[in-house]
Enquirer: 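I'd like to ask some things about the structure below.
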Amino acid sequence: MKRSKVIEVLTDGSVGSKVVVKGWVRAFRSNRFIQLNDGSTIKNIQAVVDFENFDEALLKRITTGSAIAVTGELVESQGAGQAVEIQVEGIEILGDANPDEVQRTVMQPKRHSLEFLREQAHLRFRTNTFGAVFRIRHAVAYAIHKFFNDRGFYYLHTPIVTGSDAEGAGEMFRVTTLDPINPPLNEDGSVNYKEDFFGKPVNLTVSGQLEAELGALALGQVYTFGPTFRAENSNTSRHLAEFWMIEPEVAFNDLKDNMDLTESFLKYIVDYVLENCKDDLAFLNEREANEQKTKPQNERNEMSLIERLEFVSKNDFKRLTYTEAIDLLLQSKPYKKGQFKFDVKWGIDLQSEHERYLVEKEFNCPVILTDYPAEIKAFYMRQNDDGKTVAAMDVLFPGIGEIVGGSQREERFDVLKEKCKAFDIHEEEIWWYLETRKFGTVPHAGFGLGFERMIMFVTGMTNIRDVIPFPRTPQNAEF
RNA sequence: GCUUCUUUAGCUCAGCUGGUUAGAGCAUCUGACUGUUAAUCAGAGGGUCCCUGGUUCGAGCCCAGGAAGGAGCGCCA
């Protein structure tokens with residue numbers, strides 16, 4: 001008989017029918033009630049055993065963590081916690097799990113710290129929390145592809161190994177096949193990269209944006225969705241050395257179009273999760289609520305996870321310029337009381353404390369800041385007419401900080417060449433990028449969304465290492 | 001990279017002014033019970049007190065150095 005998934009049995013199963021369900025045992029209570037989970041839903045199915053009719057040695061092997069197949073009739077449950085359950089007629093042990101060893105793992109049926117779960121990333125999928133997080137992670141990835149596909153975007157695969165060091169987005173990981181102990185040397189003692197695999201130094205990508213622009217300037221609208229690597233020694237709950245980024249790029253869009261696209265995109269993702277991940281979201285909502293109870297009143301979230309998602313879905317993002325933001329900060333209470341650690345004045349890069357004040361105190365909703373000073377933003381951002389600022393935008397989310405960074409791109413050949421000079425970027429390194437400005441250049445714009453930061457927002461997880469299956473961070477590449 | 005906190009049983013933690021045999025809850029095991037929902041009740045086993053060195057009659061506790069982890073900051077998405 002064909003196996004039914006737990007979610008099928010719970011949603012479409014008809015009472016009286018025979019079913020086969022396979023999964024992992026979460027709990028075996030009273031020698032009678034097996035809680036079985038197969039990953040298709042956060043919910044377990046209860047399989048009820050008349051232990052008088054089964055071999056005691058067989059029942060002994062039904063332990064937390066073991067894998068079994070049960071055959072039986074789907075019946076209405078006599079208990080309160082579930083509508084239906086399986087009256088077991090046959091049990092097959094698929095894989096044993098020794099309780100003494102299970103006890104040392106995160107499968108041990110008790111509450112665990114996230115730190116302990118992180119040390120067992122290979123087993124944390126078995127827990128309710130991480131099951132929910134990774135089902136939602138999938139749903140968000142799918143929603144992103146669906147959003148862009150429905151709007152006529154093309155998914156463009158930009159290179160992971162890149163020879164250009166021009167993005168300026170951060171430190172890069174060198175990729176080489178040279179012998180690290182005895183590399184071939186030039187006469188002056190430097191490494192001879194002509195003998196390396198690609199004949200020159202190459203790195204893992206820090207951004208697919210420049211290549212995405214090339215695609216957009218022919219295909220019209222494209223997006224990338226791939227792994228991104230930053231060799232920064234960042235030790236925070238918001239940074240990974242390997243993360244996933246989505247970078248749409250649209251020809252003929254200006255900064256306003258870019259903001260509109262960003263806002264509808266983020267709201268679409270939130271709506272998709274609210275609509276399609278109800279069970280997992282309800283669990284994470286409850287989980288967060290319980291966690292909040294252990295915190296002092298003033299550190300608790302004002303809204304629950306689901307309320308926060310609904311709030312973002314229903315309310316317009318607050319849009320203001322960098323210059324307006326600086327004015328607001330200068331008039332703010334914490335500034336006047338000297339409570340900011342970092343000074344505020346036009347021209348500075350906003351610090352976390354400033355962004356948090358704007359997002360969490362002043363507006364209490366997502367904020368889009370635009371038109372930053374040119375000096376603190378990348379070379380490819382379009383120069384505004386004031387000569388001082390560029391058409392940049394950062395989207396700031398409560399609790400997460402910067403979730404999107406984007407801009408209208410500099411499409412004027414001469415201006416871009418000047419910017420390259422000012423930023424010390426050699427033309428011969430990005431001649432291909434500059435050429436698009438020579439042949440039918442047009443205004444265009446795009447942005448980058450940190451995928452994991454978005455997952456943090458929709459799951460309520462507060463450490464980025466808990467929303468990617470196998471986190472890579474400084475000094476940690478286990479699994 | 002900087003600041004700060006933590007490290008004691010499988011997990012989460014307590015451990016008094018430095019003093020005899022290091023504790024609790026949960027988990028595991030054994031037994032009882034059997035329509036349970038984090039099942040319940042009784043009992044048992046389980047320790048390199050992170051590592052190295054020092055002070056002391058005596059160190060889980062004090063001092064020095066190191067390691068690992070968390071949080072915050074910087075860099076950024």
Side-chain angles (χ1 to χ4, degrees), chain A residues 26-35 43-52 60 63-65 75-82 85 87 97-120 128 167-171 206-209 227-247 290 294 299 340-342 349-356 376-378 394-397 400-406 447-457 462-468 473-476 478:
Chain A
R26 285 292 177 81
F28 186 21
R29 276 190 289 272
S30 304
N31 209 22
R32 185 184 290 274
F33 305 102
I34 304 169
Q35 299 298 327
K43 290 179 179 166
N44 302 324
I45 187 132
Q46 175 157 283
V48 184
V49 185
D50 285 328
F51 53 85
E52 303 87 347
K60 275 263 182 254
T63 56
T64 299
V75 297
E76 279 181 37
S77 178
Q78 299 170 38
Q82 55 284 315
E85 61 194 18
Q87 187 61 50
N98 181 336
D100 283 331
E101 290 180 54
V102 166
Q103 193 201 187
R104 290 203 299 271
T105 74
V106 300
M107 290 182 288
Q108 174 185 135
K110 69 180 289 297
R111 235 189 102 71
H112 299 294
S113 67
L114 291 170
E115 290 82 7
F116 182 57
L117 287 155
R118 224 168 277 153
E119 288 169 15
Q120 297 185 25
N128 284 332
E167 287 91 345
E171 291 296 309
V206 293
S207 165
Q209 180 206 312
T228 310
F229 306 87
R230 305 268 168 96
E232 301 286 350
N233 189 14
S234 296
N235 295 289
T236 80
S237 54
R238 305 183 309 283
H239 289 86
L240 291 166
E242 176 185 281
F243 64 100
W244 289 65
M245 189 154 64
I246 297 95
E247 296 175 291
N290 288 332
T294 67
E299 287 177 26
F340 287 136
K341 275 194 192 135
F342 294 86
D349 210 349
L350 294 180
Q351 304 293 320
S352 289
E353 60 178 0
H354 305 142
E355 296 180 346
R356 291 187 71 148
I376 60 172
K377 288 291 179 185
D394 281 359
V395 180
L396 310 176
F397 263 36
I400 314 276
E402 185 179 343
I403 200 165
V404 164
F447 62 85
L449 168 72
F451 184 59
E452 282 77 17
R453 289 190 180 172
M454 191 65 195
I455 306 299
M456 288 171 78
F457 182 73
T462 52
N463 191 314
I464 201 165
R465 292 161 205 181
D466 297 328
V467 297
I468 188 167
T473 52
Q475 300 300 313
N476 180 16
E478 192 68 48

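Throughout, protein chains are lettered first and strands after them, A, B, ... in sequence-line order, and every chain is numbered starting at 1.
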Enquirer: Please identify each residue that fulfils side-chain contact (heavy atoms from CB on, under 4.5 Å) with A:N44, with sequence neighbours left out.
Expert: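 Once residues adjacent in sequence are excluded, the partners of A:N44 under the side-chain contact (heavy atoms from CB on, under 4.5 Å) criterion are A:R26, A:Q35, A:N37.
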
Enquirer: Who passes side-chain contact (heavy atoms from CB on, under 4.5 Å) against A:K377, sequence neighbours left out?
Expert: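 So A:K377 forms a side-chain contact (heavy atoms from CB on, under 4.5 Å) with A:Y372, A:M381, A:V390, A:A392, A:D394.
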
Enquirer: Could you work out, with salt bridge (charged side-chain N to carboxylate O under 4.0 Å, His left out) as the rule, every residue matching A:E452, not counting sequence neighbours?
Expert: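 A:R137.
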
Enquirer: Can you check nucleotides 7-13 of chain B for protein contacts, nitrogen or oxygen pairs under 3.5 Å, and list what you find?
Expert:
residue: B:G10; atom: O2'; partner: A:Q103; partner atom: O; Å: 3.0
residue: B:G10; atom: N2; partner: A:Q108; partner atom: OE1; Å: 2.6
residue: B:G10; atom: N3; partner: A:Q108; partner atom: NE2; Å: 3.4
residue: B:C11; atom: O2'; partner: A:K110; partner atom: NZ; Å: 3.3
residue: B:C11; atom: O2; partner: A:K110; partner atom: NZ; Å: 3.1
residue: B:U12; atom: OP1; partner: A:S113; partner atom: OG; Å: 3.0

Enquirer: Test of understanding: with side-chain contact (heavy atoms from CB on, under 4.5 Å), list the residues that count as partners of A:D100, not counting sequence neighbours.
Expert: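 A:D100 satisfies side-chain contact (heavy atoms from CB on, under 4.5 Å) with A:N98 once adjacent residues are dropped.
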
Enquirer: Could you tell me which residues satisfy ring-ring contact (aromatic ring centres under 6.0 Å, His included) with A:F116, sequence neighbours excluded, listed by chain and number?
Expert: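 By the ring-ring contact (aromatic ring centres under 6.0 Å, His included) rule, A:F116 matches A:H112.
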
Enquirer: Please produce a list of atom pairs where a protein N or O lies less than 3.5 Å from an N or O of nucleotides 1-5 of chain B.
Expert:
residue: B:G1; atom: OP1; partner: A:N233; partner atom: ND2; Å: 2.8
residue: B:G1; atom: N7; partner: A:N233; partner atom: O; Å: 3.4
residue: B:G1; atom: N7; partner: A:N235; partner atom: ND2; Å: 3.3

Enquirer: Which part of the nucleic acid, if any, lies within reach of A:L114 when heavy atoms closer than 4.0 Å are counted: base, sugar-phosphate only, or nothing?
Expert: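 Contact class for A:L114: none.
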
Enquirer: Can you build the contact string for nucleotides 31-44 of chain B? Use B for base contact, S for sugar-phosphate-only contact, and - for no protein heavy atom under 4.0 Å.
Expert: ---BBBB-B-----

Enquirer: Going by ring-ring contact (aromatic ring centres under 6.0 Å, His included), name the residues that satisfy it together with A:H239, two or more places apart in sequence or in a different chain.
Expert: none

Enquirer: Between atom CD of A:Q87 and atom CD of A:E85, what is the distance when rounded to the nearest 0.5 Å?
Expert: 7.0 Å

Enquirer: What stems involve RNA chain B, if each pair must be Watson-Crick or G-U and both of its distances must be under 3.5 Å, with 3 or more such pairs in a row?
Expert: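 As far as RNA chain B goes, consecutive pairing (with distances under 3.5 Å) yields the stems B:1-7 with B:67-73, B:10-13 with B:23-26, B:28-32 with B:40-44, B:50-54 with B:62-66.
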
Enquirer: Could you tell me which residues satisfy ring-ring contact (aromatic ring centres under 6.0 Å, His included) with A:F340, sequence neighbours excluded, listed by chain and number?
Expert: A:H354

Enquirer: Applying salt bridge (charged side-chain N to carboxylate O under 4.0 Å, His left out), can you list everything that pairs with A:D466, at least two apart in sequence or on another chain?
Expert: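 Result, salt bridge (charged side-chain N to carboxylate O under 4.0 Å, His left out) vs A:D466: A:R118, A:R124.
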
Enquirer: Using a distance-only criterion (donor-acceptor N/O pair, under 3.5 Å, no hydrogens), is the base of B:A77 paired with the side chain of A:R238?
Expert: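 Check fails, no donor-acceptor contact within cut-off.
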
